[in-house]
Amino acid sequence: MGWAKLEALLAAAENQFNALITTDKNLRYQQDLTTRRLAILILPTTSWLRLQIHLAQIMNAIDALSPDDVHELRLP
């Protein structure tokens with residue numbers, strides 16, 4: 001979408017979306033997320049093969065997010 005910097009990405013995403021799904025486990029330590037109204041779900045891997053077998057769990061985690069949540073999903 002043309003967002004060069006992560007801070008700009010978060011600000012733009014916050015204005016257009018309810019949630020951001022990422023695999024960046026360091027996001028919560030690199031950015032001040034306390035003022036964000038954006039729910040963030042952190043997935044444990046970028047492997048589609050591993051993620052697709054857990055789609056129901058991922059969807060449940062998305063549905064359970066609140067606007068200011070930062071949740072790191074753990075998969076078996």
Side-chain angles (χ1 to χ4, degrees):
M1 294 183 130
W3 297 317
K5 295 183 179 180
L6 184 55
E7 188 172 323
L9 167 72
L10 292 173
E14 186 174 55
N15 290 327
Q16 296 183 28
F17 303 103
N18 295 327
L20 173 71
I21 301 171
T22 183
T23 58
D24 185 352
K25 295 180 181 116
N26 293 317
L27 180 66
R28 71 173 74 215
Y29 308 110
Q30 296 169 341
Q31 298 292 317
D32 179 12
L33 302 175
T34 59
T35 61
R36 298 284 175 202
R37 296 180 322 268
L38 183 67
I40 299 172
L41 178 62
I42 303 169
L43 300 178
T45 181
T46 59
S47 169
W48 174 243
L49 291 175
R50 186 160 173 230
L51 291 174
Q52 68 184 357
I53 62 175
H54 298 287
L55 285 180
Q57 186 178 354
I58 293 168
M59 293 302 295
N60 288 336
I62 292 168
D63 288 340
L65 289 173
S66 295
D68 59 350
D69 281 348
V70 177
H71 179 71
E72 189 167 341
L73 188 62
R74 307 239 186 252
L75 298 175

Report the distance from atom [atom1] of [X] to atom [atom2] of [Y], rounding to the nearest 0.5 Å.
{"X": "Leu43", "Y": "Gln57", "atom1": "CG", "atom2": "CD", "result": "10.0 Å"}
{"X": "Ile42", "Y": "Lys25", "atom1": "CD1", "atom2": "NZ", "result": "9.0 Å"}
{"X": "Asp68", "Y": "Leu38", "atom1": "CG", "atom2": "CG", "result": "10.0 Å"}
{"X": "Glu14", "Y": "Ile40", "atom1": "CD", "atom2": "CD1", "result": "9.0 Å"}

Looking at Asp24, is its backbone amide N or carbonyl O close enough to the side chain of Thr22 to form a donor-acceptor pair, meaning the two atoms are under 3.5 Å apart?
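Yes; judged by distance alone, with no hydrogens or angles, the pair exists.
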Would the distance check show the side chain of Ser47 and the main-chain N or O of Arg50 forming a donor-acceptor pair, the cut-off being under 3.5 Å?
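Pair found, side chain donor or acceptor close to backbone of Arg50.
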Is there a chain of hydrophobic side chains (I, L, V, M, F, W, Y, each step under 4.5 Å between heavy atoms) that links [X] to [Y]?
{"X": "Phe17", "Y": "Met59", "result": "no"}
{"X": "Ile58", "Y": "Ile21", "result": "yes"}
{"X": "Leu10", "Y": "Val70", "result": "yes"}
{"X": "Leu55", "Y": "Leu65", "result": "yes"}
{"X": "Ile53", "Y": "Leu51", "result": "no"}

Side chains of [X] and [Y]: does their closest heavy-atom pair fall under 4.5 Å?
{"X": "Asn60", "Y": "Ile62", "value": "no"}
{"X": "Leu9", "Y": "Gln31", "value": "no"}
{"X": "Ser66", "Y": "His71", "value": "no"}
{"X": "Pro67", "Y": "Arg36", "value": "no"}

Locate the shortest heavy-atom distance separating Asp69 from Ala64; write the atom from each residue and the value.
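For Asp69 versus Ala64, the nearest heavy atoms are OD2-O, 3.9 Å.
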Around atom CG of Asn18, are there more than 12 heavy atoms from other residues, nucleotides or ligands closer than 6.0 Å?
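Open.
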